[in-house]
Amino acid sequence: MLYQTYELQRSMLAGASAMANIGADLLHNPANPFSYWTGSAEMASALEVFAHAAALRGKPAFGFQHVTVDGREVAVREEVVLRRPFGQLKRFVREGVEGGPKLLIVAPMSGHYATLLRGTVERMLPFADVHITDWRDARDVSLAEGRFDLDDYIDYLVAFLEQIGPGAHMLAVCQPSVPCYAAAALMSADAHPCRPRTLTLMGGPIDTREAPTAVNTLATKRPFSWFEQNVIQTVPPGYAGAGRRVYPGFLQLTGFLSMNLGSHMMSHWGMFRHLVQGDADGAAATKAFYDEYRSVCDMAAEFYLQTIDVVFQRHALPKGEMTHRGRLVDPAAITDVALLAIEGERDDISGLGQTKAALTIATALPEDKKRYFMADGVGHYGIFNGSRWRNLIAPVVEQWITAHA
């Protein structure tokens with residue numbers, strides 16, 4: 001019933017959001033005498049903040065039109081090069097540009113769409129032939145398409161790398177660090193010609209025993225059965241995936257918002273002040289962030305539960321116990337995939353040391369194919385978006401890829 005209750009509340013808030021937008025527009029209209037009353041600006045701004053917070057959101061668009069490559073502006077178009085039921089491989093084609101490193105950016109399947117990495121893609125486009133994993137909202141996948149779990153996720157990564165071809169580089173942001181590492185290990189053990197040349201792991205939960213965060217604690221302080229019984233819901237009628245068991249995106253979003261409720265409230269207070277002062281550009285930055293942050297999607301229940309078990313409760317990968325369809329995932333099989341581990345000093349999702357552990361467990365990889373980079377003063381989101389990503393972290397990634405191309 002939780003999913004149905006949420007849908008009812010969402011519909012009601014959508015109506016309230018529309019009414020609040022109308023009210024804000026009226027109070028901003030110079031033809032309305034009430035717009036000149038004391039307090040009208042504050043009232044209009046409050047209505048606008050509420051309308052934005054309560055608005056319905058779907059899957060955002062990347063929206064890239066052009067990129068500057070070697071000093072010239074070229075057009076960019078999106079192309080789906082491989083389509084699977086739970087996700088597709090998308091390529092950003094730079095018209096008239098040939099060559100450059102082939103880069104697969106693996107977006108998290110953790111409640112947000114791949115567009116959460118819009119800033120990541122935008123920064124890498126001038127440098128590389130960028131592909132990205134564009135995961136689908138599980139509520140839109142028919143039951144006829146079957147299950148999707150962590151093993152399937154790894155299979156998808158292998159298929160995507162095969163589609164791109166030999167010589168590709170892979171960059172994993174947060175959650176996919178473990179399946180990307182597993183895929184690299186399995187492909188290395190098989191001497192697969194399409195194994196990545198480099199694997200960059202950014203803020204990923206390779207070993208959550210290191211510097212546990214609130215996210216890690218939540219996953220370990222409750223038994224596995226609690227997650228099965230309390231957070232898994234059934235997609236209601238009206239969606240293509242009706243009847244599918246999922247971990248709803250709205251629950252994931254609620255958890256993340258509650259972790260930093262104070263900072264989110266201050267962000268909206270700042271947006272309110274910008275609107276009162278007539279600073280539309282200042283308010284737009286906050287709006288753009290929350291447009292993306294609040295656009296959430298559901299995860300298949302089996303994928304979510306297997307991740308809780310394997311990654312957060314049993315720590316199977318760093319303990320050498322992770323398997324893929326009954327086959328052991330051996331980190332020592334990685335002998336020529338150059339590993340770059342990146343962490344943010346203030347990351348409250350993946351604590352310091354969790355990603356760095358990827359280098360430690362790759363016992364057969366030469367030291368000159370390992371690198372660790374810790375970004376001072378950077379939180380989780382700042383690892384892959386914002387000025388620190390663009391100016392501090394991305395150059396490290398580019399240098400690493402170039403050195404091992």
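- Listed by chain and residue number, Asp207, His315, Pro318, Lys319 satisfy the side chain to side chain contact (heavy atoms under 4.5 Å, CB included) test with Arg209 (two or more places apart in sequence, or in another chain).
- Every ring pair (Phe, Tyr, Trp, His ring centres under 6.0 Å) that His404 has, sequence neighbours left out, goes to Trp400.
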* To do: Assess whether side-chain contact (heavy atoms from CB on, under 4.5 Å) is satisfied between Trp226 and Val231, documenting all intermediate values.
  => CA-CA 8 Å; Trp226 183 91; Val231 303; 3.8 Å; yes
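- Remark: Ala362 engages Tyr181, Leu339, Leu365, Lys370 in a side chain to side chain contact (heavy atoms under 4.5 Å, CB included) (not counting sequence neighbours).
- Taking the side chain to side chain contact (heavy atoms under 4.5 Å, CB included) definition, one finds that Glu122 meets it with Phe64, sequence neighbours left out.
- For Ser188, there are no side chain to side chain donor-acceptor pair (under 3.5 Å) partners two or more places apart in sequence or in a different chain.
- The distance from atom CG of Asp140 to atom CG of Asp298, rounded to the nearest 0.5 Å, is 8.5 Å.
- Evaluation of the salt bridge (Lys or Arg N to Asp or Glu O under 4.0 Å) test over residues 191-201, restricted to residues two or more places apart or in two chains, returns Arg195-Asp336.
- A salt bridge links Asp152 and Arg325; the closest N-O separation between the charged side-chain nitrogens and carboxylate oxygens is under 4.0 Å.
- Among residues two or more places apart in sequence or in another chain, the salt bridge (charged side-chain N to carboxylate O under 4.0 Å, His left out) test is passed with Arg136 by none.
- For the residue pair Cys174 and Ser350, the shortest heavy atom distance occurs at SG-OG, 4.5 Å.
- To the nearest 0.5 Å, atoms CD (Gln306) and CG (Leu150) are separated by 4.5 Å.
- Residues Phe227 and Phe224 place their aromatic rings such that the two centres sit no closer than 6.0 Å.
- Residue Lys356 qualifies as open at atom NZ: its count of foreign heavy atoms under 6.0 Å is 12 or below.
- In this structure Tyr153 satisfies the ring pair (Phe, Tyr, Trp, His ring centres under 6.0 Å) test together with Trp135, Phe303, sequence neighbours excluded.
- Using a 4.5 Å heavy-atom threshold, the side chains of Glu73 and Val67 count as separate.
- Proximity of Leu171 to Leu104: side-chain heavy atoms (C-beta onward) are nowhere separated by under 4.5 Å.
- For Lys102 and Asp129, the salt-bridge test fails: no basic side-chain N is under 4.0 Å from an acidic carboxylate O.
- Side-chain polar atoms of Gln233 and Tyr247 form no donor-acceptor pair below 3.5 angstrom.
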* Show the numbers, then the answer: is there a side-chain hydrogen bond (donor to acceptor under 3.5 Å, both in side chains) between Gln354 and Asp347? => CA-CA 11 Å; Gln354 294 187 11; Asp347 194 331; over 6 Å; no
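- A heavy-atom distance below 4.5 Å is found between the side chains of Arg83 and Val80.
- The side chain to side chain donor-acceptor pair (under 3.5 Å) test applied to Glu162 returns His192, not counting sequence neighbours.
- Within 6.0 Å of the CZ atom in Arg346, the count of heavy atoms belonging to other residues, nucleotides or ligands does not exceed 12.
- Take Val396 and apply the side chain to side chain contact (heavy atoms under 4.5 Å, CB included) test, not counting sequence neighbours, and it matches Leu340, Arg371, Phe373.
- Partners of Asp190 according to the side chain to side chain donor-acceptor pair (under 3.5 Å) rule, which considers only residues two or more places apart in sequence or in another chain, are Arg327.
- With a 6.0 Å cutoff to the six-membered ring centre and a 45° limit on the axis angle, Arg77 does not count as a cation-pi contact of Phe92.
- The salt bridge (Lys or Arg N to Asp or Glu O under 4.0 Å) contacts involving residues 391-405 comprise Arg123-Glu398, where partners must be two or more places apart or lie in separate chains.
- Among Arg245, Arg139, Arg244, the single residue meeting the side-chain hydrogen bond (donor to acceptor under 3.5 Å, both in side chains) criterion with Thr234 is Arg245.
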